[in-house]
2 protein chains.
Amino acid sequence: MESEPVIRALSALAQEHRLALFRLLVQAGPEGLAAGAIAGALGVPASSLSHHLTQLTNAGLIVQRRESRSLIYSADYRAMNALVGFLMENCCGGGACAPDTACEPITDEERKSA
Amino acid sequence: MESEPVIRALSALAQEHRLALFRLLVQAGPEGLAAGAIAGALGVPASSLSHHLTQLTNAGLIVQRRESRSLIYSADYRAMNALVGFLMENCCGGGACAPDTACEPITDEERKSA
DNA sequence: TCCATAGTTCGACAATCATCGAATTATAGA
DNA sequence: TCTATAATTCGATGATTGTCGAACTATGGA
């Protein structure tokens, strides 16, 4: 994987409203949400939201589909997973560097106790 | 976890040189690398690099230690893992949304075939 | 066709960010 | 103490980004 699309994805997520938006869609699941519903949930003006939706779409993190007059957005889980994989890639030079937990996503247990 | 530190971490990584720098440290393992060695590896002027090192440090993604005249930087794996956990949090509303692979990091097999 | 609804594009402005040389601070050795 | 090495801080500059109202485009129903 090239690093340029990764930068785009990270830049897209590195913004308060877009991070909230992406997480909203991640939690909404494959059904997604209409642009208007998102604007309401986040309290962001329509034109600003549209700008953010474009950024996330260009980054490949979300996808758009039309349903009558509404445009429905949903998270692209594969893109998110690819991003995570890229960050973890060749952790510690590919060798044994530390307990497994150090190179894998934290477990639910760890997350709750944090 | 609050979203503000997550934004800081994502912003820190959303930059060509810092992403390369962070990945360099991830691959270098716990031993880390001296600032000068990093500057050489990335081909970035010392003052620019220092700026980036500060950003990554403030984001909690890397840590610094002194070893004689050199300052050694190394990746903080826990921070990276916490970041990943945050992005995955409550995926699909916490319910069964899709095959497991959709909410977990991709496997090595998938990564290679991409 | 005409109107209402759903979103996007445009344009301008303020704010933040990356860059890099010069000056500065910190450590170690002679 | 004096010098050399290692790295950071300072300061100025150009570029990118977030914001939002107004104007525009697209769809669907009467």
Side-chain angles (χ1 to χ4, degrees), chain A residues 3-25 28 31-76, chain B residues 3-25 28 31-76:
Chain A
S3 79
E4 189 255 333
V6 175
I7 300 282
R8 257 211 310 258
L10 290 168
S11 298
L13 292 175
Q15 207 280 331
E16 188 188 348
H17 291 144
R18 287 196 297 268
L19 180 59
L21 163 40
F22 180 70
R23 277 164 53 79
L24 189 63
L25 291 183
E31 284 178 38
L33 291 170
I38 299 171
L42 298 183
V44 170
S47 62
S48 298
L49 179 76
S50 189
H51 167 66
H52 293 312
L53 286 168
T54 300
Q55 301 251 70
L56 285 167
T57 301
N58 286 340
L61 289 167
I62 64 176
V63 292
Q64 183 197 64
R65 72 175 190 275
R66 181 174 281 280
E67 226 163 77
S68 180
R69 268 180 293 195
S70 294
L71 286 173
I72 311 291
Y73 289 89
S74 55
D76 184 330
Chain B
S3 80
E4 190 256 333
V6 174
I7 300 282
R8 257 210 311 256
L10 290 168
S11 298
L13 293 175
Q15 208 281 332
E16 188 188 346
H17 291 145
R18 286 196 298 267
L19 181 59
L21 161 40
F22 180 70
R23 277 163 54 78
L24 188 65
L25 292 183
E31 282 178 40
L33 291 171
I38 299 171
L42 298 183
V44 170
S47 62
S48 298
L49 179 77
S50 189
H51 167 65
H52 293 313
L53 286 168
T54 300
Q55 301 252 68
L56 285 167
T57 301
N58 286 341
L61 289 166
I62 65 176
V63 292
Q64 183 197 63
R65 72 174 189 275
R66 181 174 281 280
E67 225 164 78
S68 179
R69 267 180 293 194
S70 294
L71 287 173
I72 311 290
Y73 289 89
S74 55
D76 184 331

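Letters A, B, ... mirror the listed sequences (proteins, then strands); counts begin at 1.
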Identify each donor-acceptor pair in which a side-chain atom of residues 35-55 of chain A lies under 3.5 Å from a protein atom, sequence neighbours left out, and give them as a table.
unit_1, atom_1, unit_2, atom_2, d
His52(A), ND1, Arg18(A), NH1, 3.0
Thr54(A), OG1, Ser50(A), O, 2.9

Earliest and latest nucleotide of DNA chain C, 5' to 3', sitting under 4.0 Å from a non-hydrogen atom of chain B? dA18(C) to dA28(C)

Going by heavy atoms in the side chains, are [X] and [Y] under 4.5 Å from each other?
| X | Y | value |
| --- | --- | --- |
| Ile72(A) | Leu33(A) | no |
| Leu13(B) | Val6(A) | no |
| Leu25(B) | Ser74(B) | no |

Using the test side-chain hydrogen bond (donor to acceptor under 3.5 Å, both in side chains), find all partners of [X] that sit at least two apart in sequence or belong to another chain.
| X | answer |
| --- | --- |
| Gln64(B) | Tyr73(B) |
| Arg66(B) | none |
| Glu16(A) | none |

Do any of residues 33-40 of chain B sit with a heavy atom less than 4.0 Å from DNA chain C, and if so which? none

Between residues 42-52 of chain B and DNA chain C, which residues have a heavy-atom gap below 4.0 Å? Pro45(B), Ser47(B), Ser48(B), His51(B), His52(B)

Side chain to side chain contact (heavy atoms under 4.5 Å, CB included), that's the test. Do Ile7(A) and Leu19(B) meet it? Break it down for me. CA-CA 8 Å; Ile7(A) 300 282; Leu19(B) 181 59; 3.6 Å; yes

Heavy-atom closest pair (Ala59(B) atom, Ala12(B) atom, distance to 0.1 Å) is CB-CB, 3.7 Å

Shortest non-hydrogen contact between Ala34(A) and Ser70(A), atoms and distance: CB-CB, 4.1 Å

DNA chain D contacts among residues 62-72 of chain A, heavy-atom distance under 4.0 Å: Arg66(A), Ser68(A), Arg69(A)

Heavy atoms of chain B, cut-off under 4.0 Å: which first and last nucleotide of DNA chain D, 5' to 3', fall inside that, if you could look? dA4(D) to dT9(D)

Please determine whether side chain to side chain contact (heavy atoms under 4.5 Å, CB included) holds for the pair Ile62(B) and Asp76(B), giving the CA-CA distance in whole Å, both sets of side-chain angles, and the decisive distance to 0.1 Å. CA-CA 5 Å; Ile62(B) 65 176; Asp76(B) 184 331; 5.9 Å; no

So Gln55(B), base contact, sugar-phosphate only, or nothing? Heavy-atom distance under 4.0 Å. sugar-phosphate

Qualifying salt bridge (charged side-chain N to carboxylate O under 4.0 Å, His left out) pairs with a residue from residues 40-49 of chain B, counting only residues at least two apart or across chains: none

Mind checking what makes side chain to side chain contact (heavy atoms under 4.5 Å, CB included) contact with Glu4(A), not counting sequence neighbours? Arg8(A)

